[in-house]
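Have a look at the structure below before the remarks.
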Protein chains: 2
Amino acid sequence: MARMKETILSVAIDLFFEKGYFATSISGIAAGCGIQKASIYYHYANKEAILFAIMERTMQALVAHLEQRLTGVTDVEARLRAAVRSHVEFHLRHQKETFIASSELRGLSDAHYRAIVARRDTYEQFLQELIMAGIGAGCFAAGDVKILSYAILTLCTAGASWYNPAGRLSIDAIAGIYEDFILSGLKQGLSEGRPGTSAAGYMTHLA
Amino acid sequence: MARMKETILSVAIDLFFEKGYFATSISGIAAGCGIQKASIYYHYANKEAILFAIMERTMQALVAHLEQRLTGVTDVEARLRAAVRSHVEFHLRHQKETFIASSELRGLSDAHYRAIVARRDTYEQFLQELIMAGIGAGCFAAGDVKILSYAILTLCTAGASWYNPAGRLSIDAIAGIYEDFILSGLKQGLSEGRPGTSAAGYMTHLA
DNA sequence: TGAATCTTACCGACCGGTCGTTAGGCAAAT
DNA sequence: ATTTGCCTAACGACCGGTCGGTAAGATTCA
């Protein structure tokens with residue numbers, strides 16, 4: 001059965017999150033599974049394959065989560081709100097995996113690195129298109145789309161590094177705060193008619 | 001002379017940034033300095049001491065940079081703007097060191113870990129006090145101070161992970177964008193008189 | 001001044017230990 | 001009888017770190 005294969009993955013997620021990929025040993029993972037380290041190689045070709053399996057699965061689920069949350073949402077602002085919320089919720093709900101996926105890219109082989117980065121880029125571009133649509137529709141102020149998208153993504157991603165499931169704030173509450181914070185950043189100056197200080201004049205197209 | 005001691009530090013910064021602390025070997029650092037690895041131990045007690053030296057120096061400089069930028073600035077909003085700008089500029093200007101300082105904490109010994117985290121906490125608390133002063137003075141909307149401060153810090157810090165010195169945007173331009181983005185986030189709803197959606201009702205004091 | 005001593009900054013060789021990985025075998029399940 | 005899932009044992013490579021030693025310069029003392 002594939003039960004042990006899943007166990008290995010879940011133990012590896014715990015250890016990679018806690019001590020980092022390079023500081024985690026195969027024997028440590030094996031011990032966490034209650035087997036010998038040689039037995040790991042029956043299920044995975046090598047250590048890097050475990051890391052890749054975690055990242056691949058996480059990135060795939062991240063994209064699927066976003067797609068599901070956007071189906072049926074047509075209003076531009078509502079779509080971006082939904083995207084932000086989806087992003088935050090996924091990252092907080094899958095705190096360990098997303099932290100690993102964003103911090104252990106260096107552990108991947110060249111081919112696997114390219115595969116994961118390609119998925120990440122697709123995700124980023126999708127968000128950038130949402131922002132551009134909003135600017136085009138006049139509900140967001142003009143700004144540097146790349147920087148804004150990075151800001152949104154890293155803001156939400158960083159949440160996964162300090163979020164405490166036992167803390168005082170729920171995932172929903174945090175998502176709400178981020179949602180408002182980001183939306184007001186995107187709309188900045190629009191309602192006030194203020195000419196905008198340094199953000200004005202930057203290109204809005206992608207490089 | 002202490003020249004080699006500095007060379008080791010600068011080579012280590014390059015390698016830690018590029019490959020990570022655990023993936024960098026003492027012999028690699030030595031090779032980068034043009035000496036044998038045993039000679040490293042004449043200048044530093046062990047590998048971790050090199051990491052600590054980098055972090056300690058960086059955190060000290062970070063605090064000093066902020067203090068210098070805030071002297072003479074009294075207006076609450078201007079102080080927060082200056083703090084954000086100081087933070088962004090320092091992180092982009094010392095991209096490698098700040099990236100290491102924020103991503104390689106796990107490489108430190110317990111005692112050194114506590115020392116660095118203490119410095120980081122002091123810095124965070126300082127920013128939180130700035131925000132609270134702004135809320136108290138009525139120029140920022142009420143919100144969760146902890147979350148807001150984390151948002152500001154991670155937003156700026158993340159810039160160090162994607163900033164390209166040879167890219168199309170200058171440090172000054174990026175700092176300006178972040179400054180406006182964050183300020184509008186902090187002021188959200190104030191001028192519009194909108195009751196605020198999910199951000200309303202959270203405590204503004206520190207835990 | 002000159003000899004003796006100490007300090008600085010480095011080297012080559014080596015240590016114990018851990019790493020990821022492989023080979024081969026064994027017992028239970030199919 | 002074969003496959004599945006795990007085992008014990010061992011491999012070579014490399015790790016951080018220590019050792020004794022050394023060449024060159026600075027300092028001390030006669």
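The shown structure was predicted, so the numbers you read here are calculated from the model rather than taken from an experiment. All chains are named by letter (A, B, ...) in the order of the sequence lines, taking the proteins before the strands, and each is independently numbered beginning at 1. Only this structure's heavy atoms are used, side chains among them; waters, hydrogens and symmetry mates stay out.
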| Checking Lys47(B) against Tyr21(B): charged group under 6.0 Å from the ring centre and within 45 degrees of the axis? | yes
Under 3.5 Å between N/O atoms: give me all the protein pairs with nucleotides 25-30 of chain C, atom names plus distance.
none

| request: Working to the nearest 0.5 Å, report the span between CD1 of Ile40(B) and CD1 of Ile35(B). | output: 4.0 Å
| Out of Tyr178(A), Phe126(A), Tyr123(A), which residue meets the ring-ring contact (aromatic ring centres under 6.0 Å, His included) rule with His87(A)? | Tyr123(A)
| said: Applying the side-chain contact (heavy atoms from CB on, under 4.5 Å) criterion to Phe90(B), which one of Thr58(B), Leu66(B), Ile171(B) satisfies it? | reply: Thr58(B)
| message | Arg81(A) vs Val84(A), test: side chain to side chain contact (heavy atoms under 4.5 Å, CB included). Steps then yes/no. | response | CA-CA 5 Å; Arg81(A) 285 197 110 97; Val84(A) 170; 5.9 Å; no
| field | Euclidean distance, atom OH of residue Tyr44(A) to atom C1' of dG20(C) [Å, nearest integer] | value | 17 Å
| What string of B, S and - do you get for nucleotides 6-17 of chain D, 5' to 3', when a contact is any protein heavy atom under 4.0 Å? | SBBBB----SBB
| message | Is the terminal nitrogen or CZ of Lys5(A) (NZ for Lys, CZ for Arg) located under 6.0 angstrom from the six-membered ring centre of Tyr44(A) and within 45° of that ring's axis? | response | yes
| Could Lys19(A) and Phe22(B) be counted as a cation-pi pair, given that NZ or CZ must be under 6.0 Å from the ring centre and within 45° of the axis? | no
| task | Quick one: which residue pairs count as a salt bridge (Lys or Arg N to Asp or Glu O under 4.0 Å) with a foot in residues 54-63 of chain B, not counting sequence neighbours? | result | Glu6(B)-Arg57(B), Glu56(B)-Arg119(B)
